[in-house]
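Since the structure is predicted, the reported quantities are computational estimates derived from the model, not experimental observations.
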Amino acid sequence: NPLFMKYTPTNGKFAGQNGYGVRSFENFIDACALINEGKSKTSDYDDGSIATVHTTMQGTAILEAGRRSLDMDGRPMDILYKGEKGEEPIGIRPHEF
């Protein structure tokens with residue numbers, strides 16, 4: 001994926017540092033350093049600025065529900081949440097008709 005990282009050199013030098021792959025690693029390392037220095041905490045990054053467990057849980061649940069659906073010949077899946085306003089998935093089960 002050329003947007004993730006540029007794999008070919010420009011003028012004989014590495015030129016991949018502007019792809020989102022390198023930038024995302026750089027942002028992650030910067031966040032780790034700030035957390036280790038006590039200048040921020042992990043929850044400061046749940047705003048979507050970097051991928052965290054909390055910012056990727058719904059997307060991961062959707063992908064897992066899709067995989068399970070395919071494994072069950074296209075059967076629909078329900079993603080379960082705690083309460084009506086829950087935002088964090090707590091499980092996946094086959095849809096009951």
Audit row: Lys82, Glu88, side chain to side chain contact (heavy atoms under 4.5 Å, CB included) steps and yes/no:
CA-CA 7 Å; Lys82 186 176 181 179; Glu88 296 180 5; over 6 Å; no
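Between the CD1 atom of Ile35 and the CG atom of Asp30 there is a distance of 11.0 Å, given to the nearest 0.5 Å.
Of the possible polar contacts, one joining the Asp44 side chain to the Lys41 backbone as a donor-acceptor pair under 3.5 Å is found. When atom types are taken as modelled, the side chain of Asn11 and the backbone of Lys13 share no donor-acceptor pair closer than 3.5 angstrom.
There is no path of hydrophobic side-chain contacts, each under 4.5 Å, that joins Met77 to Leu80. One hydrophobic cluster holds both Tyr20 and Phe25 under the rule that ILVMFWY side chains link at heavy-atom gaps under 4.5 Å. Tyr7 and Val22 fall within the same hydrophobic cluster, where Ile, Leu, Val, Met, Phe, Trp and Tyr residues are linked whenever their side-chain heavy atoms come under 4.5 Å apart, directly or through other members.
Closest of all the heavy-atom pairs between Pro89 and Ile79 is CB-CG2, 3.8 Å. When every heavy atom of Ala31 is checked against every heavy atom of Ile50, the shortest pair comes out as CB-CD1, 3.8 Å. In this structure, Asp78 and Glu96 approach most closely via the heavy-atom pair OD2-N, 4.2 Å. In plain terms, the two heavy atoms of Thr56 and Thr52 that are nearest each other are OG1-O, 2.8 Å. Nearest heavy atoms, His95 versus Arg75: O-NH2, 3.0 Å. When all heavy atoms of Gln58 and Glu87 are compared, the closest pair comes out as NE2-O, 2.7 Å.
Using modelled atom types and a 3.5 Å distance limit, the side chains of Ser40 and Tyr45 yield a donor-acceptor pair.
Remark: Lys39 engages Glu37 in a side chain to side chain donor-acceptor pair (under 3.5 Å) (not counting sequence neighbours). Not counting sequence neighbours, Thr42 has no partner by the side chain to side chain donor-acceptor pair (under 3.5 Å) test.
A salt bridge is defined here as a Lys NZ or Arg NE, NH1 or NH2 lying under 4.0 Å from an Asp or Glu carboxylate O, and Arg68 with Asp71 fails to meet this definition. Between Arg67 and Glu64 there is a salt bridge, with a side-chain nitrogen of the basic residue lying less than 4.0 Å from a carboxylate oxygen of the acidic one.
Through direct or indirect side-chain contacts shorter than 4.5 Å among Ile, Leu, Val, Met, Phe, Trp and Tyr, Leu70 is connected to no other residue.
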